[in-house]
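I have placed the structure first, in the form of C-alpha cells, so that the comments after it can refer back to it.
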There are 2 protein chains.
Amino acid sequence: MLRDASLRVTRPRLAVLAAVDAHPHADTGSVISAVRGELGAVSHQAIYNVLGALAEAGLIRRIEPAGSVARYEVRVGDNHHHVVCRSCGAIADVDCAVGDAPCLSASHDHGFVIDEAEVIYWGLCPDCSASRSRSSL
Amino acid sequence: MLRDASLRVTRPRLAVLAAVDAHPHADTGSVISAVRGELGAVSHQAIYNVLGALAEAGLIRRIEPAGSVARYEVRVGDNHHHVVCRSCGAIADVDCAVGDAPCLSASHDHGFVIDEAEVIYWGLCPDCSASRSRSSL
DNA sequence: CATCAATCTTGAATGATTCCACATCACGGC
DNA sequence: GCCGTGATGTGGAATCATTCAAGATTGATG
C-alpha cells in the first residue's frame, strides 16, 4: 500500500497504519501511544508527519468533529459518515442514508465546485442516552 | 432577544451580536476586532464567554470546519449547511438539498439518539477554482 | 556497497482556547 | 432613585494540539 502511494516503507509508518487500523477513530495521542507501545520511542513529530502523509496519500481519512482533536480511520473511499456523541465524544460509522453520495447535490452552490459532502450526525450514544433518561427520572 | 434567553444585556453582548450579524461566518479573532472597534478595549475572555453563552442559548450558531478555527453566524433554526473552500477557507450558506432535514435519517444509527445532521460541502470557491484552471493551462 | 533525498529526532514556537481570582456592572427589590 | 448580590468582564497565566526548524538517520536505487 505504501509503495503504491510512492511512500517509503518505514517502521513508524507501518506501526501507524496498524494502530489506526486497530483503533478506528483514534486521536493523535492514542496513535502515538499505540505506536510507542509497539516500537518504543518515536517522536510525536514523526507521527504527525506520517498521519499527514498517509492522509494526503488517501490511505487514511482524517476527521475533525467540532470540539474534538483530529481523528483517523482506515476506511476510505466509501463516502461513509459519522455519528458523534455530544456527551462523551464517542464516534460510530454510518453508511450513507440515501445511496452512495446523498447530499452531494447542494441546492444552490454559490458557484463552488463541490467534490465532497461530509455529514456528521450529532446526538447521544446508547450509554449516555441511557444515563440521561435514568438521571431525569 | 437576550432577555428572552434570560441573559443580562451588556455592552459586549450587544456588540458581539452586532458583529456576528454583520460578518457571517466570522472567526473569534474577527469578532474580537469588530467589538473592540466599536467599544474600545474588551477582553478576549469576555468575547469567548459571550460567544459561548449566545451559542448555548441558541442565539448564534457555532461552526468548526476541519482545519479552521471556530466561526459564528446568527442564522439559526433553519437547518442550513455550508460550503467550504479547500483552498482559501471561504464559507457560504447552502440550503438543504432535500427538504428541511435531509440526511437526518441515518441508515443504521448504532443506537445513537440523533438530533442533528451537520453537512459540510468541500470544494473550491469561484475565485480559487478560476485561478486553479488558469494556472493549469 | 555508496549515495542522496526522504524521513525521523529533538526541542522550541505558535496560537486558539481555557482557567483563575478579583473587580465591576446589570437588574430586582426597597 | 438607591442597594445588594450574583452574573459578567478584566488581566494574565496556563494548556495543549499542532507546526516549524535544523541536524542526524535511513530506505531505495544502481
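Proteins get letters first, then strands, A, B, ... in listed order; numbering begins at 1 in each. Below, each value reflects all heavy atoms present in this structure, side chains not excepted, and no hydrogens, waters or symmetry copies. This is a predicted model, so every value here is computed, not measured.
- Of the listed nucleotides (D:dT18, D:dA13, D:dA7), D:dA7 has the atom at the smallest distance from the side chain of B:Arg8.
- Distance from the side chain of B:Val9 is smallest to C:dC27 among C:dT7, C:dC27, C:dT10.
- When distances are taken from the side chain of A:Ala46 to each of D:dG9, C:dC8, C:dT17, the shortest belongs to C:dC8.
- Of the candidate nucleotides D:dT10, C:dA16, D:dG27, C:dA16 has the atom nearest to the side chain of B:Tyr48.
- Of the candidate nucleotides C:dT7, D:dT18, D:dT8, C:dT7 has the atom nearest to the side chain of A:Arg13.
- Among the heavy atoms of the strands, none lies under 4.0 Å from B:Ala53.
- Rounding to whole angstrom units, CG of residue B:Leu14 and C1' of C:dA26 are separated by 12 Å.
- The nearest whole Å value for the distance from the CG atom in A:Asn49 to the P atom in D:dA21 is 13 Å.
- Separating the CD1 atom of A:Ile47 from the C1' atom of C:dT10 is a distance of 15 Å, rounded to the nearest angstrom.
- Donor-acceptor pairing under 3.5 Å is recorded for the side chains of A:His82 and A:Glu73.
- When each of C:dT9, C:dA6, C:dT18 is scored by its nearest atom to the side-chain atoms of B:Gln45, the top-ranked nucleotide is C:dT18.
- Distance CG (A:Leu7) to P (D:dT29): 13 Å, rounded to an integer number of Å.
- The separation between A:His44 atom NE2 and C:dT10 atom C1' is 8 Å, rounded to whole Å.
- When each of C:dT9, D:dT8, D:dA28 is scored by its nearest atom to the side-chain atoms of A:Ser43, the top-ranked nucleotide is C:dT9.
- Distances shown here put every side-chain N or O of A:Thr10 at or beyond 4.0 Å from the OP1 or OP2 atom of D:dT26.
- At whole-Å resolution of the value, CZ in B:Arg71 and P in C:dT17 are 10 Å apart.
- A donor-acceptor contact shorter than 3.5 Å links the side chain of A:Arg36 to the backbone of A:Val42.
- Between the P atom of C:dA16 and the CG atom of B:Leu51 lies a distance of 14 Å, rounded to the nearest Å.
- Residues A:Ala57 and A:Leu7 come closest through the heavy atom pair CB-CD1, 4.0 Å.
- At a cut-off of 3.5 Å, with distance as the only test, a side-chain donor of A:Asp93 or A:His25 sits close to an acceptor on the other residue.
- Remark: B:Arg86 engages A:Glu116 in a salt bridge, criterion side-chain N to carboxylate O under 4.0 Å.
- A straight line from CG of A:Asp27 to P of D:dC16 spans 13 Å, rounded to a whole angstrom.
- The 5' end of DNA chain C is approached more closely, in terms of each residue's nearest nucleotide, by B:Gly29 than by the other of B:Arg11 and B:Gly29.
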